[in-house]
Chemist: 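Mind having a look at this structure? Questions to follow.
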Amino acid sequence: MVRPGFLPALLASALLGGSALAQSPAPSPSPKSPPETKAQLDARMAWWRDAKFGMFIHWGVYSVPAGYYHGKPVGGVGEWIMHYAKIPMAEYQQFAPQFDPEKFNADQWVSMAKAAGVKYIVITAKHHDGFAMFSTKASTWNIMDRTKFHRDPLKELAAACRKDGMRLGFYYSQAQDWNNGGAAAGGKWDPAQQRSMDEYIDKIAVPQVRELLTNYGPDIPAVLWWDSPVDMNAERAGKLHSVVEQLRPGLITNNRLGGGYRGDTETPEQHIPARGYPGRDWESCMTINGTWGFKKDDQNFKPANVLLRNLIDIASKGGNYLLNVGPDSTGVIPQPEQDRLLAMGKWLKTNGEAIYGTTGSPFDRLPWGRATKKVTPDGAAIYLEVFNWPQDGKLTVPGLGAQPKSATLLAGGQTLPTASSNGDTIITVPAAAPDPVASVIKLDYPAMPQIAEKTPQSH
């Protein structure tokens, strides 16, 4: 992922917020690729929009030093340790023989993700250190050639995901590669890092992307997650874009390829945009603790209730939540990360109807929580995710004058009385909240009702 302070201000804005990159013009489509209609886009993005919750996995050789170099802790995120500590290539590559994930079990990872309510996984096929976590002929700097493990974990994960109906996407660092010669800004400190960026694109990035798009079946990857656009001009980016267009036209990609290619999704990093990205699909990628790649000293895990409310907040703004785990060098996802994901899954087992397949809130602001909605040919539903349960037993839904056909607690199925007052809907609720994090009330309507805004446009 992107380290703070590395990129110029404009590019950093594009990476972290997406706005600058989103406004850059995309190259004109070739005559063989007519512009996509809205209906075609909607059909192509349907599964992703419905999924809402994905699991990011940052895993690689950097899990061996685990935040330490020569016995001393190195600050910052774990996967950037080679860059932070300016470790020479020859020295960094000595971590590979120590990378032996003998405890890696793809079926267990996918089972845990399913229990957490996750609908898709995105894993780092290659991060900025250039180490390929897959079988590749383009470079010997890979898990098959340099480790005792000598297996392709992406192949095993692909099989496990396919068996359990989990979508699998690949993250690929196309611009920064500190071992294979990617010469993106700030990426050279060792005389051995000599290959030009253009040669790297031609001899490493293009062949590896071709491998990733052809070696795992027609359905995998479901997403190609680029990172990052630094120094990716139109020519360099165009070469990679052409591979995707040739091999997997319609593949979902993000906005970090560079060269003017917008991709399909905005990717705010480590934050939730106040109002989402109207008119664009988007996905907040965030960590459970402070790092993406494993660091043994980072125990600053966010509480499960914070992570869950993040998911609800993101869904209410029309986005997806891509929540990261960082397995260690043995192939184990840290237990505190698993525990938090499984706590989220427990809530989703009861209340997932209010998240999956929904669209953003019909309200500009709610004083007690968030809302999502679903509209089908048979009717409409508004889901009220209540963070702050009313003490007086009356939940006021501002600006919602139309009375619902029914109001139901998803936890337990209790029907709740409703009434109208001054253009609002008043719901009589139990004295105690069914859930301490977020209790969900479903309002059913024959069609989506009109909402009269009564609150300032802020969140």
Side-chain angles (χ1 to χ4, degrees), residues 42 45-55 112-120 164-167 272 276 281 283-284 304-305 307-323 340-363 366 368-389 395 397 400 402-418 425 427-430 432-449 451:
D42 291 345
M45 296 298 296
W47 76 262
W48 188 93
R49 292 173 180 171
D50 288 348
K52 296 302 175 194
F53 189 22
M55 187 171 79
M112 188 275 293
K114 287 191 70 173
V118 162
K119 298 299 183 181
Y120 63 105
D164 281 350
M166 179 75 68
R167 305 266 186 171
I272 302 170
D281 291 295
E283 173 186 67
S284 278
N305 66 319
L307 301 173
L308 185 54
R309 288 191 177 184
N310 281 349
L311 172 61
I312 295 167
D313 187 25
I314 289 166
S316 78
K317 294 170 180 175
N320 284 17
Y321 192 22
L322 188 60
L323 186 57
R340 283 153 176 78
L341 283 165
L342 293 173
M344 297 174 74
K346 183 178 179 180
W347 184 90
L348 285 164
K349 188 173 183 179
T350 298
N351 301 289
E353 179 184 343
I355 301 297
Y356 306 124
T358 63
T359 54
S361 176
F363 305 95
L366 291 169
W368 36 256
R370 301 290 186 268
T372 51
K373 67 181 185 297
K374 284 181 185 174
V375 180
T376 70
D378 298 324
I382 296 176
Y383 299 91
L384 309 175
E385 293 97 12
V386 185
F387 297 167
N388 303 313
W389 198 250
L395 183 74
V397 187
L400 185 58
Q403 284 296 286
K405 293 189 297 182
S406 63
T408 310
L409 275 173
L410 290 190
Q414 181 180 352
T415 299
L416 305 177
T418 65
T425 291
I427 306 171
T428 300
V429 300
D435 191 283
V437 179
S439 301
V440 182
I441 300 170
K442 178 183 181 182
L443 306 179
D444 277 307
Y445 294 90
M448 182 56 61
I451 309 294

Chemist: Indicate the ring-plane relationship of F53 and Y321, choosing parallel, tilted or perpendicular according to the 30° and 60° boundaries.
Modeler: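 F53 and Y321: parallel rings.
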
Chemist: Are the side chain of S439 and the backbone N or O of A433 linked by a donor-acceptor pair below 3.5 Å?
Modeler: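 Side chain of S439 to backbone of A433, a donor-acceptor pair under 3.5 Å: no, none is there.
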
Chemist: Strictly distance-based, threshold 3.5 Å: is any side-chain N or O of Y356 a donor or acceptor partner for the main-chain N or O of L348?
Modeler: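 No; judged by distance alone, with no hydrogens or angles, the pair does not exist.
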
Chemist: Enumerate the residue pairs fulfilling salt bridge (charged side-chain N to carboxylate O under 4.0 Å, His left out) with a member in residues 348-363, sequence neighbours excluded, ordered by first and then second residue.
Modeler: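 Checked against salt bridge (charged side-chain N to carboxylate O under 4.0 Å, His left out) - neighbours excluded - the pairs reaching residues 348-363 are E353-K442.
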
Chemist: I'd like to know if D42 pairs up with R49 as an ion pair, taking the criterion as any Lys NZ or Arg NE/NH1/NH2 lying under 4.0 Å from an Asp or Glu carboxylate oxygen.
Modeler: yes

Chemist: Could you walk me through whether I382 and V397 satisfy the side chain to side chain contact (heavy atoms under 4.5 Å, CB included) test, starting with their C-alpha distance in whole Å, then the side-chain angles of each, then the deciding distance to 0.1 Å, before giving a yes or no?
Modeler: CA-CA 11 Å; I382 296 176; V397 187; over 6 Å; no

Chemist: Hey, could you give me the NZ/CG distance between K346 and L341, rounded to the nearest 0.5 Å?
Modeler: 15.0 Å

Chemist: Which residue in the set V118, V437, L307, N310 passes side chain to side chain contact (heavy atoms under 4.5 Å, CB included) when paired with M344?
Modeler: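 Among V118, V437, L307, N310, the one meeting side chain to side chain contact (heavy atoms under 4.5 Å, CB included) with M344 is L307.
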
Chemist: State, with a plain yes or no, whether a side-chain heavy atom of P434 is found less than 4.5 Å away from one of W389.
Modeler: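 Answer yes - side chains close enough.
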
Chemist: Output the distance between atom CZ (F363) and atom CG (L384), rounded to the nearest 0.5 Å.
Modeler: 6.0 Å

Chemist: So F387 and D313, side chain to side chain contact (heavy atoms under 4.5 Å, CB included) or not? Walk me through it.
Modeler: CA-CA 11 Å; F387 297 167; D313 187 25; 5.6 Å; no

Chemist: So, using side chain to side chain contact (heavy atoms under 4.5 Å, CB included) as the criterion, who are the partners of A407 when residues are at least two apart?
Modeler: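 Applying side chain to side chain contact (heavy atoms under 4.5 Å, CB included) to A407 gives L416, T418, I441, L443.
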
Chemist: Can you give me the closest heavy-atom contact between A354 and T372, atom names plus distance?
Modeler: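 So the two residues come closest at O-OG1, 2.6 Å.
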
Chemist: Evaluate side chain to side chain contact (heavy atoms under 4.5 Å, CB included) for Y120 paired with L322, printing each intermediate quantity in order.
Modeler: CA-CA 9 Å; Y120 63 105; L322 188 60; 4.0 Å; yes

Chemist: Quick one: pull up CG in L323 and CG in L308 and give me the separation to the nearest 0.5 Å.
Modeler: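 Interatomic distance, L323 CG to L308 CG, rounded to 0.5 Å: 11.0 Å.
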
Chemist: Which distance, rounded to the nearest 0.5 Å, do you find between the CG of L311 and the OG of S284?
Modeler: 11.0 Å

Chemist: Test your reading of the model: is there a side-chain donor-acceptor pair from N320 to the backbone of A51, 3.5 Å cut-off?
Modeler: no

Chemist: Please check if the number of heavy atoms outside K374 that lie under 6.0 Å from its NZ is greater than 12.
Modeler: yes

Chemist: Can a donor-acceptor pair be found between the side chains of K373 and T359 at a distance below 3.5 Å?
Modeler: yes

Chemist: Roughly how far apart are K114 NZ and K119 NZ, rounded to 0.5 Å?
Modeler: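 With rounding to 0.5 Å, NZ (K114) is 8.0 Å from NZ (K119).
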
Chemist: I need the minimum non-hydrogen distance between A113 and M166, along with the two atoms involved.
Modeler: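 For A113 versus M166, the nearest heavy atoms are CB-CE, 3.9 Å.
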
Chemist: For P430 and Q414, which heavy atoms make the closest approach, and how far apart are they?
Modeler: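 Of all heavy-atom pairs spanning P430 and Q414, the closest is CG-OE1, 3.7 Å.
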
Chemist: How close do A438 and I312 get, heavy atom to heavy atom, and via which atoms?
Modeler: CB-CD1, 3.5 Å

Chemist: Could you tell me which non-hydrogen atom of V440 sits nearest to which non-hydrogen atom of E385, and how far apart they are?
Modeler: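 Heavy atoms only, the tightest pair is CG2-CG, 4.0 Å.
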
Chemist: Heavy atoms only: give me the nearest P436-R309 pair and the separation to one decimal.
Modeler: O-NH2, 3.8 Å

Chemist: Atom CG of L409 and atom OG1 of T350: how far apart are they, to the nearest 0.5 Å?
Modeler: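 L409 CG to T350 OG1: 11.5 Å, rounded to 0.5 Å.
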
